[in-house]
Amino acid sequence: MILTRLEIEGFRNLSGVAFDPHPTLNLLNGPNGAGKSSVLEAIQCLSTGHSFRSRKARELVSSGKDQLSIVARLRDLGTNRGHRIGLARGRDGTLTMRLDYEAVDNIAQATRLLPVKTLSPDSHALVQEGPEERRRFLDWGVFHVEPRFFDVWRLYRRALSQRNQALRDQRSDSEVWSWDEQLIEAGEQVDAYRRAYVGQLAEILQARSENLGTPLGVALRYRGGWAEGTALGESLANNRLQHRRMRTTTDGPHRAELAMTIDAVPVRQLLSRGQQKVLVYLMHLSQLELMAARSGRQAIVLCDDLLSELDGDNVDDVVVQLLELAEQVFVSGVTTVPLERYDHRRFHVKQGCLTAVQ
């Protein structure tokens, strides 16, 4: 699925932005603070309801406006079928969305139709930050290759929320533990989907790493979020007193970790900043490859300030691989001249206005 038309109103400093993207590579350049990243944020918002920088509506809606709106025309390259998608989000957080003029009840419908992957200067958080960042990365991939994952993940989150509320309220044992059956059933399915996915992702990452001049030798390992070698139900039962004391559930997939190591040592302790950036891009490229192989679909990829993140040789390598793996690519930067050797369409962004460059 690619964007053939995008219209943005009231999103950060963007007003009256309307353009027809190139089917493969789009370059957005202009001075710092002009609104280049905001265009990329708006594209992600159309897919997920929020941007890669903020989930707070009040930070996305332009000053003096009550709401933002994003409207796009899409085309499925496989069927040549066109779609229209529109999103409006109020400063108070309310969100309405329409797909082909019909109301969308669940944002997951838009996310599945229009998968978007963002590579930004904050992407190194995948290595540097805590396990929540890696769980988000992992679940993005599983969501797009396992049709049932979202439903079981949602069941798990609901049971977890109810159980934790009961613990916080210090309700009776019968009321707290009544959520265990659903928590265990859904949690074990979430865990199984993730484990299978990590196994496949690790193989692709190893192959891509070996193609580098200096292979990184990174190993991926999934930890489920409870005691190794113990069933989730057993772990929950063993730790009920702890859950009571802490008033929260400390065992389950919500505590899972995707460990990235070299010879059993976390990569953040061994790799330089530059090597970590290369690893992050390899992880995302591997994820895109697995998505294409498993689902036959490709994502729209947003690269915010790509040229400042990687050196020249790595930029060329990443762009070539992205053009092979992504449906459509958007790259922002103060300058994008090194990328203009590829077939593209270039847009200049200044003070929230976007102009096509001939």
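We use all heavy atoms of the structure for the numbers below, so side chains are in, but hydrogens, waters and symmetry mates are not.
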Trainee: Compare all side-chain heavy atoms of V329 with those of L323 and state whether any distance is below 4.5 angstrom.
Mentor: yes
Trainee: May I ask you to decide whether D151 forms a salt bridge with R154, counting only side-chain N to carboxylate O separations under 4.0 Å?
Mentor: yes
Trainee: With T79, which residues qualify under side chain to side chain donor-acceptor pair (under 3.5 Å), at least two apart?
Mentor: none
Trainee: Could you tell me whether R134 and E257 make a salt bridge, using a distance below 4.0 angstrom between a side-chain N and a carboxylate O?
Mentor: yes
Trainee: Please list, chain by chain and in numerical order, all residues satisfying side chain to side chain donor-acceptor pair (under 3.5 Å) with E188, sequence neighbours excluded.
Mentor: none
Trainee: Out of curiosity, does V71 fall in the hydrophobic cluster containing V116 (side-chain heavy atoms, cut-off under 4.5 Å, transitive links)?
Mentor: no
Trainee: Determine whether the side chains of E9 and S15 contain a donor N or O and an acceptor N or O closer than 3.5 Å.
Mentor: yes
Trainee: Salt bridge check: are R195 and D191 linked by an N-O gap of less than 4.0 Å?
Mentor: yes
Trainee: Can you name the side chain to side chain donor-acceptor pair (under 3.5 Å) partners of S54, sequence neighbours left out?
Mentor: E59
Trainee: Look at the side chain of S62 and the backbone N and O of R12, then say whether any donor-acceptor pair between them is shorter than 3.5 Å.
Mentor: yes
Trainee: Just checking, any donor-acceptor pair under 3.5 angstrom between side chains of T4 and R75?
Mentor: no
Trainee: Under 4.5 Å between side-chain heavy atoms, hopping through other hydrophobics if needed: is there a path connecting L339 to V337?
Mentor: no
Trainee: Is it the case that one hydrophobic cluster holds both V145 and M1, taking links as side-chain heavy atoms less than 4.5 Å apart, direct or via other members?
Mentor: no
Trainee: Enter the distance from N164:CG to R247:CZ here, rounded to the nearest 0.5 Å.
Mentor: 12.5 Å
Trainee: Heavy atoms, side chains only, cut-off 4.5 Å: are L290 and Y197 in contact?
Mentor: yes
Trainee: Could you tell me if Q165 and R168 have a donor-acceptor pair between their side chains, going purely by distance under 3.5 Å?
Mentor: yes
Trainee: Answer yes or no: is there a donor N or O on one side and an acceptor on the other, between the side chain of S295 and the main chain of M291, under 3.5 Å?
Mentor: yes
Trainee: Below 4.0 angstrom, N of the basic side chain to O of the carboxylate: do R294 and E146 qualify?
Mentor: yes
Trainee: Please walk me through it: do F150 and F143 pass ring pair (Phe, Tyr, Trp, His ring centres under 6.0 Å)?
Mentor: CA-CA 6 Å; F150 180 71; F143 172 85; 5.8 Å; yes
Trainee: Does the side chain of L236 come within less than 4.5 Å of T249's, by heavy atoms?
Mentor: yes
Trainee: Out of curiosity, L258 CG to R136 CZ, how far, rounded to the nearest 0.5 Å?
Mentor: 13.5 Å
Trainee: Taking the side chain as every heavy atom from C-beta outward, state whether L201 and Q287 have any pair of such atoms under 4.5 Å apart.
Mentor: yes
Trainee: Calculate, to the nearest 0.5 Å, the distance between atoms OG and CZ belonging to S120 and R53 respectively.
Mentor: 7.5 Å
Trainee: Assess the side chains of S332 and D304: does a donor N or O sit below 3.5 Å from an acceptor N or O?
Mentor: yes
Trainee: Hey, are D139 and R194 close enough for a salt bridge, meaning a charged N less than 4.0 Å from a carboxylate O?
Mentor: yes
Trainee: Check this for me: does any side-chain nitrogen of one of R268 and E133 sit under 4.0 Å from a carboxylate oxygen of the other?
Mentor: no
Trainee: With ring pair (Phe, Tyr, Trp, His ring centres under 6.0 Å) as the rule and sequence neighbours excluded, what pairs involving residues 3-61 come up?
Mentor: F19-F347
Trainee: Taking Q182 for its side chain and L155 for its backbone only, find out whether a donor-acceptor pair lies under 3.5 Å.
Mentor: yes
Trainee: Does the S47 side chain pair with the main chain of L114, one donor and one acceptor, at a distance under 3.5 Å?
Mentor: yes
Trainee: Distance-only, no hydrogens or angles: does the D251 side chain make a donor-acceptor pair with backbone N or O of A227 under 3.5 Å?
Mentor: no
Trainee: Any ring pair (Phe, Tyr, Trp, His ring centres under 6.0 Å) pairs touching residues 219-245, not counting sequence neighbours?
Mentor: none
Trainee: Name the one of L138, L205, V142 that satisfies side-chain contact (heavy atoms from CB on, under 4.5 Å) with V198?
Mentor: L138
Trainee: Under 3.5 Å, side chain of R163 to main-chain N/O of D180, donor-acceptor pair present?
Mentor: no
Trainee: Mind listing the closest non-hydrogen atom pair of A72 and L46 along with its distance?
Mentor: CB-CD2, 3.4 Å
Trainee: Okay, side chain of R345, backbone of A356: is any donor-acceptor separation there less than 3.5 Å?
Mentor: no
Trainee: Any side-chain to backbone donor/acceptor pair from K36 onto G30? Under 3.5 Å, distance only.
Mentor: yes
Trainee: Distance from T96 atom OG1 to R89 atom CZ, nearest 0.5 Å?
Mentor: 11.0 Å
Trainee: Which distance, rounded to the nearest 0.5 Å, do you find between the SG of C45 and the CG of L40?
Mentor: 12.5 Å
Trainee: Taking S161 for the side chain and R157 for the main chain, is one N or O donor matched with an acceptor at less than 3.5 Å?
Mentor: no
Trainee: Side chains of V218 and S209: does their closest heavy-atom pair fall under 4.5 Å?
Mentor: no
Trainee: Quick check: do L68 and L87 have side-chain heavy atoms less than 4.5 Å from each other?
Mentor: yes
Trainee: Hey, could you give me the CD/CH2 distance between Q189 and W153, rounded to the nearest 0.5 Å?
Mentor: 15.0 Å
Trainee: Go through the structure and list residues passing side chain to side chain donor-acceptor pair (under 3.5 Å) with S38, not counting sequence neighbours.
Mentor: none
Trainee: Would R244 and W177 count as a cation-pi pair here, with the cationic atom under 6.0 angstrom from the ring centre and within 45° of the axis?
Mentor: yes
Trainee: Is there a donor-acceptor pair closer than 3.5 Å between any side-chain N or O of D100 and the backbone N or O of R84?
Mentor: yes
Trainee: Using side-chain heavy atoms (C-beta onward) and a distance below 4.5 Å, is N29 in contact with V334?
Mentor: no
Trainee: Under 30°, 30 to 60°, or over 60°: which ring-plane class applies to H254 and Y156, parallel, tilted or perpendicular?
Mentor: tilted
Trainee: Are M260 and L216 side-chain neighbours, meaning at least one heavy-atom pair lies under 4.5 Å?
Mentor: no
